[in-house]
Amino acid sequence: MSNANKDNLSPGEPKPAPSVDFIRQAVVEDIKSGRFGGKVHTRFPPEPNGFLHIGHAKAIWIDYGIARDFNGLFNMRFDDTNPAKEEQEYVDAILNDARWLGAEWGDRLFFASDYFEKMYEWAEDLVKKGKAYVCDLRGDEVSAHRGTLTTPGKDSPWRNRSAEENLDLFRRMRAGEFADGSRTLRAKIDMAHPNLNLRDPVMYRILHGEHHRQGNKWCIYPMYDWAHGLEDSIEGVTHSLCSLEYENHRPLYDWFLDQLGIYHPRQIEFARLNLTYTVMSKRLLMELVKEGRVSGWDDPRMPTLAGLRRRGYTPEAIREFCRRIGIDKTDSTVDVQLLEHCLREDLNKRAPRAMGVLDPLRVVIENFPEGHTEELDAVNNPEDPSAGTRKVPFSRVLYIEKEDFKEEPPPKFFRLAPGREVRLRYAYYVKCVGVVKDPATRQVTELRCTYDPNTRGGDSPDGRKVKATLHWVSAEHAVKAEARLYEHLFTTPDPANAPEGKDWKSNINPASLEVREAFVEPSLKNAAPGHLCQFERLGYFCVDPDSTKERLVFNRAVTLKDSWAKIEQKGAKAT
RNA sequence: UGAGGAUUGGUGUAAUGGUAACACACCUGAUUCUGGAUCAGGCAUUCUAGGUUCGAAUCCUAGAUCCUCAGCCA
């Protein structure tokens, strides 16, 4: 199954839940009341200063999903108002990832920077109305005047300049007459307002920088609070959905739109996604990348969409996850196991099976003729008969998983042990008749087994049962491959909160990546990057783009559920 | 201690004055050529205290706890 994202195996979109979230309820009310003429129009407004992560997937799926559910429109719009942080590379990655997730915006791709001229005009309007003024305070002085959470701020000494003077100064700001940080345009609201956001917020700052789309055209740039509502208004957005931290900004969003008297969308806030064992802030993710703690934004351990895709996550699994976590205003942390469950659920139905051995133990079938090879039929996917079968070669020397043999099997261990018989998947029953050890280390280096020719294919004509089925590969035919086994990137459920005196990076899991020299069945030899399959009994794996013709690299997307591991763990605790 | 929010099992959500439910996780068992999947079952919930009501997760009052905000970031 190569190109998992483009194939036609995708299941239909999940049916709408019987109950709807509070945002959809609000949308329904607005439709009923005719607030926006019955229209629904949303947008996803990323800043191109980093890669999209699973939290953005939630946001996209709310924005896009609501537009789709109500036959509305959905805009992709970059909020590129800060040239200091934004880059074209991120624009490209974000577009690619959002498309991969499944969002569709047709020709409605927009950039806030394309509205700069209109925003500027509106700013002049506010200046003329006496609702905005040019302030000569420096950054630290602005802070000092702002007051605190419990005490009011002080008016800027420049607050009462005439409209004419403000207009002149503002135009000269735009013309580039002033140095960075020397002046700002501020809204004239109320320096004593209990909501700090309303204490004469900055609308424009002077920034002589190269903008990724505007070049050097501008040296003043609008602040988020001023720009965002205007962007929504220009595009005719009805419901401007954002995360909880903007709740305190909604009065400002409304104030600007009201002062201008222009079309006024409704902002609604929801809780952002948190996941156990992962960090979700762009700043922290950026730090991981910059410090080389991971190989890049698309490192398979990263919660970025690029990382998840490389890891082997499908858009379907991520969307199902987004559906299941719901939407609410409660700060919450979703168990990462739910994400993993969604992937397993999706891949169980779709991923072809294969056999691969990650930690090989040599097995010689003593009664199998040397130099002889048999081609056995293996089912490609027990969950999907239409997936058909394939041939796997069987010969005298095989590899099985080291952990599938124990010289002294503990209770409930059903796998191979001296004298014990097990089934080799789709092959034969084999019995362990001898153990070869390294005389120096006493480590088991080889197993001697016999096979029962009457059990070809894996069934015994005499009806004798066997308690375990093992995966295996033929040593002679197996393909060497690199297997990258991943664990959580962090050792604690809430890594961003480090204990007193410790950095969040102290929670990084030093064992989050383990590289193994593996052997996989020959049918995988030409698997292309992105190909997803299940290694039977081990987990789901995805061919990494690092693969070359000579060397396959597999990423373990997620393990299979492992009830033996649980039994084993309990046993370890009990003793 | 200002303003704005939030609070239902371990986790995430539902129930919108009328039997507190679903999923994940966890635990049993059945079944199985993947100790997978599947199937059956189990565990466990309304922040607290008052009040209104025949009846409250839902309405009222008081309190508790948690989150966000003092960037010329978004």
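Note on naming: letters A, B, ... go to the chains in the order of the sequence lines (proteins, then strands), and numbering restarts at 1 for each one.
Every salt bridge (Lys or Arg N to Asp or Glu O under 4.0 Å) that A:Glu245 has, sequence neighbours left out, goes to A:Arg272. With sequence neighbours excluded, the residues forming a salt bridge (Lys or Arg N to Asp or Glu O under 4.0 Å) with A:Arg324 are A:Glu320, A:Glu345, listed by chain and number. Remark: A:Tyr399 pairs with A:Phe519 by the ring-ring contact (aromatic ring centres under 6.0 Å, His included) rule, at least two apart or across chains. Contacts of A:His488 classified as ring-ring contact (aromatic ring centres under 6.0 Å, His included), with partners at least two apart in sequence or in another chain: A:Tyr277. For A:Asp97, the salt bridge (Lys or Arg N to Asp or Glu O under 4.0 Å) partners two or more places apart in sequence, or in a different chain, are A:Arg309. Partners of A:Asp377 by salt bridge (Lys or Arg N to Asp or Glu O under 4.0 Å), not counting sequence neighbours, listed by chain and number: A:Lys391. Under the ring-ring contact (aromatic ring centres under 6.0 Å, His included) criterion, A:Phe111 pairs with A:Phe78, sequence neighbours left out.
For B:C24, neither phosphate oxygen OP1 nor OP2 lies less than 4.0 angstrom from any side-chain nitrogen or oxygen of A:Arg323. Dashed line: the shortest gap from a side-chain N or O of A:Lys85 to OP1 or OP2 of B:A74 is not under 4.0 Å. Here A:Arg272 does not reach the OP1 or OP2 of B:U68: none of its side-chain N or O atoms lies under 4.0 Å away.
Residue contacts shown for A:Asn49 are absent, as no nucleic acid heavy atom lies under 4.0 Å away. Contacts of A:Leu137 with the nucleic acid, taken as non-hydrogen atoms under 4.0 Å apart, include base atoms. A:His471 comes within contact range of no nucleotide atom at all, as no heavy-atom separation falls under 4.0 Å. Across all strands shown, A:Tyr426 has heavy atoms under 4.0 Å from base atoms, whether or not it also approaches the sugar-phosphate. Using a 4.0 Å heavy-atom cutoff across all strands shown, A:Tyr428 reaches no nucleic acid atom at all. Base contact: A:Ile567 has a heavy atom under 4.0 Å from a base atom. Among the heavy atoms of the strands lying under 4.0 Å from A:Asn82 are primed sugar atoms or P, OP1, OP2 only; no base atom is included. As judged by a 4.0 angstrom heavy-atom cut-off over every strand, A:Pro152 is placed among residues making no nucleic acid contact.
Distances from the side chain of A:Arg205 to the nucleotides B:A37, B:C72, B:C69 place B:C72 closest. Here the nucleotide nearest the side chain of A:Glu247, chosen from B:G4, B:G35, B:U34, is B:G4. Considering only the side chain of A:Lys570, B:C27 comes nearest among B:G35, B:C27, B:C69. Candidate nucleotides B:A37, B:U68, B:G5 were compared by shortest atom distance to the side chain of A:Glu245, and B:U68 ranks first. When each of B:C72, B:A25, B:G35 is scored by its nearest atom to the side-chain atoms of A:Lys561, the top-ranked nucleotide is B:A25. You'll find that the side chain of A:Phe414 is closest to B:G35, out of B:G35, B:U34, B:C72. Of the listed nucleotides (B:G35, B:A70, B:G36), B:A70 has the atom at the smallest distance from the side chain of A:Leu149. You'll find that the side chain of A:His249 is closest to B:A74, out of B:A3, B:G35, B:A74. Looking at the side chain of A:Asp562, the nearest of the listed nucleotides B:A70, B:U34, B:G35 is B:G35. When distances are taken from the side chain of A:Ser563 to each of B:A25, B:G35, B:G2, the shortest belongs to B:G35.
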- Task: For A:Val28 and A:Val20, run side-chain contact (heavy atoms from CB on, under 4.5 Å): C-alpha distance rounded to whole Å, both residues' side-chain angles, the deciding distance at 0.1 Å, then the answer.
- Result: CA-CA 10 Å; A:Val28 167; A:Val20 295; 5.8 Å; no

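Taking the O4'-C1'-N9-C4 or O4'-C1'-N1-C2 dihedral as appropriate, B:G71 has a value within 90° of 0 and is therefore syn.
Taking a 4.0 Å limit (strictly below) on heavy-atom distances, residues 334-344 of chain A reaches RNA chain B at A:Val334, A:Asp335, A:Gln337, A:Leu338, A:His341.
Between A:Asp404 atom CG and B:U34 atom P there is a gap of 13 Å when expressed in whole angstrom units. The CZ-P distance, from A:Arg537 to B:A37, rounds to 14 Å in whole Å. Across the protein-nucleic acid pair, A:Glu269 atom CD and B:G5 atom P stand 9 Å apart, rounded to whole Å. The separation between A:Glu47 atom CD and B:A74 atom C1' is 5 Å, rounded to whole Å. A:Leu538 has its CG atom 10 Å from the P atom of B:G35, to the nearest Å. Atoms CZ (A:Arg250) and P (B:A74) sit 20 Å apart, rounded to a whole Å. We find that NZ of A:Lys467 is positioned 12 Å from P of B:U31, with the value rounded to whole Å. Whole-Å rounding puts the A:Ile268 CD1 to B:G5 P distance at 14 Å.
Each of A:Arg353, A:Gln534, A:Lys349 was compared with A:Asn381 under the side chain to side chain contact (heavy atoms under 4.5 Å, CB included) criterion, and only A:Arg353 meets it.
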Taking N or O atoms only and anything under 3.5 Å, show me the protein contacts with nucleotides 13-15 of chain B, one pair per line.
none

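Here salt bridge (Lys or Arg N to Asp or Glu O under 4.0 Å) pairs that include residues 137-156 of chain A, with residues two or more places apart or in two chains, are A:Asp155-A:Arg159. Contacts classified as salt bridge (Lys or Arg N to Asp or Glu O under 4.0 Å) and involving residues 325-339 of chain A (residues at least two apart or in different chains) are given here: A:Glu247-A:Lys329, A:Glu269-A:Lys329.
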- Query: Could you spell out the base pairing of RNA chain B in dot-bracket, with Watson-Crick or G-U pairs whose two distances are under 3.5 Å, [ ] crossing and | to another strand?
  - Reply: .((((((..((((....[..)))).(((((.......)))))....(((((..]....))))))))))).....

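A:Tyr221 and A:Phe116 have their aromatic ring centers within a separation under 6.0 angstrom.
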